[in-house]
Structure formats: C-alpha cells, structure tokens
Amino acid sequence: MLNYTLERQKFLSYVKFFGLQYHNLGKLKKMGKKRVLTGIRPSGLPHLGNYFGAIRPAIELQKDYELFLFMADFHALNMPEMTGVMMGEESLLLAATLLGCCLDPNKHCFYSQSAVPETCELAWIISCIAPYGFMTRAHSFKDAQAKGVEINMGVFNYPLLMAADILLYDADVVPVGQDQKQHLEMTRDFAIRCNNRFGEIFKVPEPLISDAVATVPGIDGEKMSKSKNNVISIFNNDSGWKKQVMSIVTDAKTLEEPKNPETCNVFAIYKVIAAPHEVEEMASKYRKGGYGYGHAKQELLQKIKDTFTPMRDRYDDWLKRPADLKDLIHTGSKKVRSLATQKMNFVQEKLGFIGRPF
Ligand code: ADP
Ligand code: TRP
C-alpha cells in the first residue's frame, strides 16, 4: 500500500516537474538510440490480452529506444461502428491507459495520428506506387473479406496509411507481431520502390521481432477478446475483478484431487501475469492435490490487484483531468507534426513538385 502511494506521488510530482514538456528527444538521438515507432487503435477498454499483447510491449520499448507511440485514430475510423463521440472518448481512454501504464511522454513522442494530416498526404503518394494486385493480398483486406464484413476503402488502404505512419518519421524499427509482419514487409517494399524511382527519400525500416507474445486466453479458454465477452479488464474495481476471475470456467474436480495445470484456464491466465517461480509453485500445488480451483482463483485475483491497482489509480487520476490529457496529446502532436512537415517538404522536392508557397 505504502509502496504504491509513494509510486503515485512520485509519478504526479514528476509530471508536475517536467511541466509536460518535451525536451529530451535530441538527447536520445545523440545517445545513439534507434527510433522505434508503433501505433495502437483506440478501441475499447483494455483487457489482459491487450495489455500483455500490445500495451506492455509498446511501453517497454522506451527503455532502449526513442519511442514514437501514437493513437491510430485514422485507422480506427474504418470500423463501421465508430462514431465521433466514441472516437473522442476512446482516444482519451487510450491516452489515460498508456500513461497509467507508465508511458513517459516527456522523453518520448506520444501523439494522435489524426493531428498530422501529412500522414494522409504521404499515404496518397505511396498509393501511386503501390501495385493494386499487391494490395489485394494484404492480410487486413483478406481477413475482412473472409469475415464477410463491410469493406470500405479504409480497410483496403490500411497498409498504405500504416506505411505513411512509419516512413514519415524515418523510423529505424517497427515492432511486429505475427499479424503485422506482412504490413511491415509492404512498407519496406513501398519505401524501396519510392527510393528507386525518386532517389533516396525514405529510410527502409527493420522489423523488431518481439519474443512471441503468448495469446492470452479468456475466462472461457478461448482467445481473450472484447467481441467474445470473455475478458478480464486491466482497470476495474475490486468487486469487478472478483466477478470476472470467479467466472473463469474450470472442470468439476474436487479440492482433494490432483490437477493438471496445463489444461486449466485459471492457470493459463496466471502464467501470463506471475513470475516464473510463482507459476512453478502454483503448478506443483495443482499436481499435489488438496488445492482447489477456488484457491487458484484467489491467488490470481491477488496478482491482478497487485499488478494493476497502481496503474488503475494513475489512469483514474488522468481521467479526472481531461484538459491536461488533451494538452499532453496536443504537445506531442505539435512536436511530431513539425518533423512531418519538414519531411513532406523534402518529399515534395524529391518528387519535383514546385513547392509550397509557405
Ligand atoms: P479485441 O480482440 O479485444 O478487439 P484488438 O483486436 O483491438 O482486441 O487488439 C488490440 C491489440 O491487442 C492487438 O495488438 C492484438 O494483437 C492484442 N491482443 C488482443 N487480444 C489479445 C490476446 N488475447 N492475447 C494477446 N494479444 C492480444
Ligand atoms: N496496425 C496497428 C493495429 O492495428 C496499428 C498501427 C497503425 C501501426 N499504424 C502503425 C502499428 C504503424 C505499427 C506501425 O493495431
């Protein structure tokens, strides 16, 4: 308790001290840190799967890289259910989530994609060198086709916008999970095509293959997903978490019987959160017998509380101050927009456009 109060106070005074200003980017470059870029779509309250699969890996990059992390709101627009009100709310929730999860906006670039219209300008230019046949083979498009969902041009053009996100800021590396591998390959291909035709314009980004992030199972053992209603939220109150954890589906073995941890949904979720020695301890209790699913659920619940309560408090704190949140996003967006404008001036020159009258 004391620890987390202290941690929170430290965090708040830190934010106050730095006045939410950027001043360290030049320093990071000088230190020879590579620039890594990634985006997250604002799309609903995060669950353990989103945290371990997307949020934590992105936040961890700040240790070793100069991080460009953005809210991919232009990308989120291609979801047919997205309204303007939702977009506004989801974006603030995502920002508060990332800050709650310890993103350091002072040292790194945190911004919204839509605040940089140059992204669309570049996506158009890339579209003019992107072969149509190549685009029809993109996973994002083929998945949408397979699901039989409505396909708008935003879905079709998804890899072009993603390439623009990356090439606009000369990113050195982009973290790619299985689902984004092909999109990064496409980005590299587009960059090379542009460079061959117009001269050296773009840095060709390298993939950063992260250690395979396990797919986090939901309370029913299927992949955890908002659409499957089987989630454990990373931000909840104690009774909410309890309700979610207690509904994890298990078999009907009695408390006394030895159990196989590897086939248990409670253990599968615990494995993602707990330290290796804790996982080992729980596994041996399963095998020994005299240890019920109720016990395992209690341990999991405690682990979730210990892990996420400090983050949830920071998240709550940010949500109470939406004006500060917006300020922070605007500051980050302004910073990267000036880089984007410089880059687009250079691109226009290389493309032989007469130039902008400003
Ligand atoms: P959802 O399925 O809940 O709608 P999204 O498709 O919006 O989640 O995924 C957002 C990010 O979270 C993606 O990077 C995705 O790979 C990651 N992610 C989602 N669910 C899981 C999961 N169960 N395990 C690991 N990563 C996940
Ligand atoms: N495609 C990513 C997703 O759907 C979000 C994204 C958009 C992105 N542009 C990007 C990721 C550029 C990495 C680099 O979650």
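Worth knowing before you read on, the calculation uses all heavy atoms, side chains too, and leaves out hydrogens, waters and symmetry mates. Counting starts at 1 for both ligands and their atoms, following the listed order.
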What about Gln180: any of its N or O atoms under 3.5 Å from an N or O on ligand 2?
yes

Just jot down the ligand 2 atoms closer than 4.0 angstrom to any heavy atom of Leu37, in number order.
12 (C), 14 (C)

Atom 24 (N) of ligand 1: which protein heavy atom is closest, and how many Å away?
Val216 N, 2.9 Å

Return the option from Phe74, Phe68, Tyr158 holding the heavy atom at the smallest distance from atom 4 (O) of ligand 2.
Tyr158

What protein heavy atom is closest to atom 5 (C) of ligand 2, reported as residue, atom name and distance in Å?
Gly39 O, 3.4 Å

In Å, rounded to the nearest 0.5 Å, how long is the span from OG of Ser247 to NZ of Lys297?
7.0 Å

N/O to N/O below 3.5 Å, does that happen between Lys226 and ligand 1?
yes

Heavy-atom distances under 4.0 Å are what count here, so tell me which part of Phe70 touches ligand 2: side chain, backbone, both or neither.
side chain

Are any of the N or O atoms of Met224 closer than 3.5 Å to those of ligand 1?
yes

Provide, to 0.1 Å, the distance between atom 6 (O) of ligand 1 and the closest protein heavy atom, together with that atom's residue and name.
Arg41 NH2, 4.3 Å

Closer than 4.0 Å to some heavy atom of Ala54 - which atoms of ligand 1 meet that?
11 (C), 12 (O), 14 (O)

Do NZ/NE/NH1/NH2 and the carboxylate oxygens of Lys343 and Glu118 come within less than 4.0 Å?
no

Hey, is the main chain of Arg193 close enough, under 3.5 Å, to the side chain of Asn196 for a donor-acceptor pair?
no

I need the nearest protein heavy-atom contact for atom 9 (N) of ligand 2: residue, atom name and distance, please.
Asp165 OD2, 2.7 Å

What do you reckon, does Arg41 have a nitrogen or oxygen under 3.5 Å from a nitrogen or oxygen of ligand 2?
yes

So, Arg321 and Asp317, do they make that salt bridge, N to O below 4.0 Å?
yes

For His47, is at least one N or O under 3.5 Å away from an N or O on ligand 1?
yes

Out of curiosity, Leu184 CG to Gln180 CD, how far, rounded to the nearest 0.5 Å?
9.0 Å

With ring centroids as reference points, do Phe235 and Tyr51 lie under 6.0 angstrom apart?
no

Going by side chain to side chain contact (heavy atoms under 4.5 Å, CB included), Pro42 matches just one of Met87, Gln113, His75, Met86. Which one?
Met87

Compute the shortest N/O to N/O distance between Ser225 and ligand 1 and return yes if it is under 3.5 Å, no if not.
yes

Give a yes or no on whether the ring-centroid distance for Tyr291 and Tyr286 is below 6.0 angstrom.
yes

Can you list the atoms of ligand 2 that are under 4.0 Å from a heavy atom of His75?
7 (C), 9 (N)

Where does the angle between the aromatic ring planes of Tyr111 and Phe68 fall among parallel (under 30°), tilted (30 to 60°) and perpendicular (over 60°)?
perpendicular

Nearest to atom 19 (C) of ligand 1, what protein heavy atom do you find, and at what distance?
Asn50 ND2, 3.3 Å

Does Lys259 reach the main-chain N or O of Glu257 with its side chain, forming a donor-acceptor pair under 3.5 Å?
yes

Checking Asp172 side chain against Arg35 main chain: does a donor-acceptor pair fall under 3.5 Å?
yes

Does a side chain donor of either Asn230 or Asp220 reach within less than 3.5 Å of an acceptor in the other side chain?
yes

Quick one: nearest non-hydrogen protein atom to atom 27 (C) of ligand 1, plus distance?
Gly49 O, 3.2 Å

Which heavy atom of the protein is the closest neighbour of atom 16 (O) of ligand 1, given with residue, atom name and distance?
Asp179 OD2, 3.9 Å

When you measure from the heavy atoms of Ser43 to every atom of ligand 1, does any distance fall below 4.0 Å?
yes

Does the ring center of Tyr158 lie less than 6.0 Å from the ring center of His183?
yes

Please could you name the atoms of ligand 1 that Lys223 approaches to less than 4.0 Å, counting only its heavy atoms?
20 (N), 21 (C), 22 (C), 23 (N)

Between Thr38 and ligand 2, which residue portion shows a heavy-atom distance shorter than 4.0 Å: side chain, backbone, both, or neither?
both

Atom 12 (C) of ligand 2: nearest protein contact (heavy atom, Å)
Met162 CG, 3.6 Å

